2 protein chains.
Amino acid sequence: MEGRWKLVIIHNLFGRDGGKPPVMRFSELERAIPTVSQKMLIQQLRCLERDGIVQRTIHPQVPPKVEYQLTCLGEALRPTLRALLDWANIRKQQSSD
Amino acid sequence: MEGRWKLVIIHNLFGRDGGKPPVMRFSELERAIPTVSQKMLIQQLRCLERDGIVQRTIHPQVPPKVEYQLTCLGEALRPTLRALLDWANIRKQQSSD
DNA sequence: CGGCATCCGTTCTGATACTG
DNA sequence: CAGTATCAGAACGGATGCCG
């Protein structure tokens, strides 16, 4: 199950540069990534959880509240994502020739 | 068309650490990646070529000889792949606890 | 709010056979 | 050697409806 949303989700869970990694609710992620369907979002989140990249926290209350945040292993992906974004910039520069 | 083979192909085209990026024939890539089908290999290579990551060189001769190598943009992915491999090591360490 | 179950068309992929 | 063509099964992904 190879999803192209994982990087987008992780990127959102990194938060803005300089800020702390946010803890996000399901609906927040939905709003942050408007193009992903609910089904895909939950599926990819479950997958990331199984892989130990994302931690899922259930707060037993009504209405339900579930929060997602990166694990230590997830945080460790930051250099990788940065390298990838750097590459995207190189690519953009080249294509603007 | 999201393929899980692209990284494997690129990794092979990087060559061994310390060596120069190799120029590989189709059959060499086939042998280097035994688990990929011929169809997928050619498909992913074509895709990487369209994306400007891999250069395909046809030598008009009999028997045919086609060589693949990374473009400049493809080479620029090296830091990204390295970061990813570093992360894989972190992951391996954690799971061996 | 944060899901899960189901249907259903689209896409992907492997296997196999064939070609210049 | 380096592909192309075709077919069938598997996987993907969106839409919809229901639930605690």
Side-chain angles (χ1 to χ4, degrees), chain A residues 1-15 21-71 74 77 81 84, chain B residues 1-15 20-71 74 77 84:
Chain A
M1 185 187 303
E2 192 58 36
R4 60 188 165 295
W5 295 111
K6 294 196 182 70
L7 283 180
V8 184
I9 295 174
I10 292 169
H11 182 239
N12 272 276
L13 288 175
F14 277 146
V23 179
M24 300 182 75
R25 300 187 58 168
F26 183 80
S27 48
E28 286 183 287
L29 283 168
E30 264 187 316
R31 259 175 285 114
I33 316 172
T35 45
V36 72
S37 70
Q38 186 192 43
K39 179 180 173 179
M40 282 301 102
L41 182 55
I42 187 65
Q43 179 184 104
Q44 300 299 305
L45 281 171
R46 288 282 195 276
C47 193
L48 289 169
E49 189 191 2
R50 274 199 307 275
D51 291 346
I53 292 170
V54 160
Q55 165 140 29
R56 179 162 169 265
T57 312
I58 309 172
H59 301 271
Q61 56 183 239
V62 181
K65 181 177 178 182
V66 180
E67 291 181 320
Y68 295 91
Q69 60 190 304
L70 293 174
T71 61
L77 275 170
L81 193 59
L84 193 57
Chain B
M1 182 188 302
E2 190 60 33
R4 62 189 166 295
W5 295 110
K6 294 197 182 68
L7 282 180
V8 184
I9 295 173
I10 292 168
H11 181 239
N12 273 275
L13 288 175
F14 277 145
K20 317 104 196 124
V23 178
M24 298 182 77
R25 300 187 59 165
F26 183 80
S27 47
E28 286 184 287
L29 283 168
E30 264 188 315
R31 258 174 286 116
I33 315 172
T35 46
V36 71
S37 70
Q38 188 189 40
K39 179 182 174 179
M40 282 302 102
L41 182 56
I42 188 65
Q43 179 185 104
Q44 301 297 306
L45 281 170
R46 288 280 196 277
C47 193
L48 289 169
E49 189 191 3
R50 274 199 308 276
D51 291 346
I53 292 170
V54 160
Q55 164 139 27
R56 179 161 169 267
T57 311
I58 309 172
H59 301 271
Q61 56 182 240
V62 181
K65 182 177 178 181
V66 180
E67 291 181 321
Y68 296 90
Q69 59 191 306
L70 292 175
T71 62
L77 275 170
L84 193 57

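In what follows, every chain begins at residue 1, and chains take the letters A, B, ... in the order their sequences are listed. Treat the numbers as computed from the prediction; the structure is a model and nothing was measured.
Contacts with DNA chain D (heavy atom under 4.0 Å) in residues 25-32 of chain A: none are found. Near DNA chain D, meaning a heavy atom under 4.0 Å from it, residues 48-63 of chain A has no residue at all.
The separation between B/I42 atom CD1 and C/dA15 atom P is 18 Å, rounded to whole Å. As rounded to whole Å, 7 Å separates atom C1' of C/dG3 from atom CZ of A/R46. Summarising the geometry, the separation between CG on B/L41 and P on C/dT13 is reported as 13 Å, rounded to the nearest angstrom. Note: CD (A/Q43) to P (C/dA5) measures 13 Å, nearest angstrom. In this structure, the CG atom of A/L45 is 17 Å from the P atom of C/dC1, given to the nearest Å.
Expressed to the nearest 0.5 Å, how far CG of B/L45 lies from CE of B/M40 amounts to 11.5 Å. The CZ atom of B/F14 sits 5.5 Å away from atom CG of B/L70, with the distance rounded to the nearest 0.5 Å. The distance from atom CG of B/L84 to atom CG of A/L81, rounded to the nearest 0.5 Å, is 11.0 Å. For the atom pair CH2 of A/W5 and SG of A/C47, the computed distance is 15.0 Å after rounding to the nearest 0.5 Å. Atom CG of A/L41 sits about 13.0 Å away from atom NZ of A/K39, to the nearest 0.5 Å.
In terms of heavy-atom proximity, A/V54 sits nearest to A/T71 at C-CG2, 3.7 Å. Considering all non-hydrogen atoms of both residues, A/L77 and A/I10 come closest at CD1-CD1, 3.9 Å.
Rounded to 10 degrees, the angle between the two end axes of the helix from C/dC1-D/dG20 to C/dG20-D/dC1 is 50°, with five pairs used at each end.
For residues 46-56 of chain B, the set of pairs meeting the side chain to side chain donor-acceptor pair (under 3.5 Å) definition, not counting sequence neighbours, comprises B/R56-B/Y68.
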Determine, for nucleotides 14-20 of chain D in 5'-to-3' order, which nucleotides have protein heavy atoms under 4.0 Å from the base (write B), from only the sugar-phosphate (write S), or from neither (write -).
-> BB----B
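In this structure, B/Y68 reaches the D/dG3 phosphate: one of its side-chain N or O atoms is under 4.0 Å from OP1 or OP2.
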Table please: side-chain donor-acceptor pairs of residues 23-33 of chain A below 3.5 Å, with sequence neighbours left out.
unit_1, atom_1, unit_2, atom_2, d
A/R25, NH2, A/P64, O, 3.3
A/E28, OE1, A/R25, N, 2.7

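Side-chain contact between A/I9 and A/L48: present, with at least one pair of heavy atoms (C-beta onward) separated by less than 4.5 Å.
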